[in-house]
Amino acid sequence: MGFNNWNTTACRPEFNEAMVKAIADIFVSRGLKDVGYEYVNIDDCWAEPQRDANGDLVPHRTRFPNGIKAVADYVHSKGLKFGIYTSAGTKTCNGAGGFPGALNNEQRDADLFASWGVDYLKYDNCNNQGVDAQVRYTRMRDALANTGRPITYSICEWGRTGPPRVWEWGKDVGNLWRTTGDISDNWTSMIGKAQANRSLARYAGPGHWNDPDMLEVGNGGMTPAEYRTHFSLWAVMAAPLLIGSDLREVSEDTFTILKNTDVIAVDQDKLGRQATVVSASGGHVVYSKVLANGDRAVALSNETTATATIGTTAAAIGLGGSASYTLKDLWTKSTRKTTGAVSASVPGHGTVLYRVSRGGTSQRYEAEDATSVSGSTVDRNHSGYSGKGFVNTPNATGSYVQFTVNAAQAGRHTLAFDYAHAGTADRPASLSVNGTAAGTVPFAPTGAWSLWRTATAAVSLNAGANTIRLTATGTGGLPNLDYLDTLEVGS
Ligand code: GLA
């Protein structure tokens, strides 16, 4: 979370030291820092067109008369972080033919950035001389690592080259990667970025995010409803929230959107899962994002210009098996109960964003704390897991995981297993409760090892300790198991 000047100033003269310092001031004075905005980043056109006699980059003499380090120091003095920009090419993207880029100067430029106290690098793709993107971006990764300074690394390759595409290799190279070309401050551009980015959920996770580009909220080209849609969709997609408007000039409405802490909490949720699309038809799109506490953030998004009822169900978002649900509208802040419908009338270009919680008392049991068949491992190589990892059992009939769960009272409970597997066929398991058969859980494919889904089952539990065992009935074994949530349904 932070700021970048590009969407508001591009290379115009108002991009200068005074602006950057003012943004840092406003982050503090207007409480943006308090709600999580941290990085103050500068974009293209911060440099002079020529390197100096040593070959080093030179800060633009008019925009940054005191150099970049002075600005970084100022930003740091506010308890914030500072980011810079260059290109993985011989020149950057703008200015007369671009400013000097870092291709073939990777270590020199990384060292200079580190000496200035840079905390974040956006590394663009212009003038790349046809050198392979993975090669270019990996070189800068290594150069940044060599500096010894932790620097968040933003790959700005626009999802342009490959296969392999940047989302397939970006995780090992950077912390975030642009999945699209440049956003502009209008509905068609913004929703196009969301449409391209939303199919890439499997690639996002803690420390490695899809980046559908920076925010346009507050720049004036969209209606308030469209900006709320923009912010809502970026949040459910766990996208970087880089403010792109000049905070010295924006309206109070803009601050209200940018400082909506309920929406920010969806974006920053520590599980780090990107929403998946539950349904999309005729411009009516339902997104669901699993949150760390088991709630779902559900965006009901209307890409058409006509008001429409858009909805889904608790079962369709993996929350089945409860008698009641609470829907909190994260924009109006109103709360209501339902028995399973998650639906609203949504104006054209609007988005209703709900936080959906199951009624009743639930309890989480991590699979890595359960007992499992010998040969099982606790793995961490696919992101999005809760707790310390997930359990990977041998691919064989009879593989099992056994949980001991505590019920406050005897009676009906819902079991909700969080799992993933990239197979093409179900991985069915028999379920037993206290040694008695209690049905079968099919465990349908989730589409990728890093796409998690919830399978539910209805059982009766005794008061106190209960043994729940899942045993694979097919040779594929069990899926990867992340956790079991138990929910009291009532007797
Ligand atoms: C490219 C990037 C933009 C911006 C400009 C600057 O177009 O994708 O985000 O950094 O360059 O020139």
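In listed order, ligands and their atoms are each counted from 1.
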Asker: Could I get the full list of side-chain hydrogen bond (donor to acceptor under 3.5 Å, both in side chains) partners for Thr180, not counting sequence neighbours?
Answerer: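 Listed in chain order: nothing, the list is empty.
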
Asker: Quick check with a 6.0 Å cut-off and a 45 degree axis cone: is Arg427 positioned over the face of Phe443's six-membered ring?
Answerer: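 The answer is no, since Arg427 fails at least one limit relative to Phe443.
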
Asker: Around ligand 1, what residues show up once you keep those with a heavy atom under 4.0 Å from it?
Answerer: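 Trp6, Asp43, Asp44, Tyr85, Cys93, Asn94, Lys122, Asp124, Cys156, Trp158, Arg178, Asp182.
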
Asker: With sequence neighbours left out, what residues match Arg380 under salt bridge (charged side-chain N to carboxylate O under 4.0 Å, His left out)?
Answerer: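 With sequence neighbours excluded, Arg380 shows a salt bridge (charged side-chain N to carboxylate O under 4.0 Å, His left out) to no residue whatsoever.
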
Asker: Should Glu157 and Arg178 count as an ion pair when the cut-off is N to O under 4.0 Å?
Answerer: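 The answer is no: the pair does not qualify as a salt bridge.
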
Asker: Keeping Arg273 on the side-chain end and Met237 on the backbone end, is there a donor-acceptor pair under 3.5 Å?
Answerer: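 Not a single qualifying donor-acceptor pair exists.
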
Asker: In chain order, what residues pass the side-chain hydrogen bond (donor to acceptor under 3.5 Å, both in side chains) check against Ser115, with sequence neighbours excluded?
Answerer: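 For Ser115, no residue satisfies side-chain hydrogen bond (donor to acceptor under 3.5 Å, both in side chains) once neighbours in sequence are set aside.
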
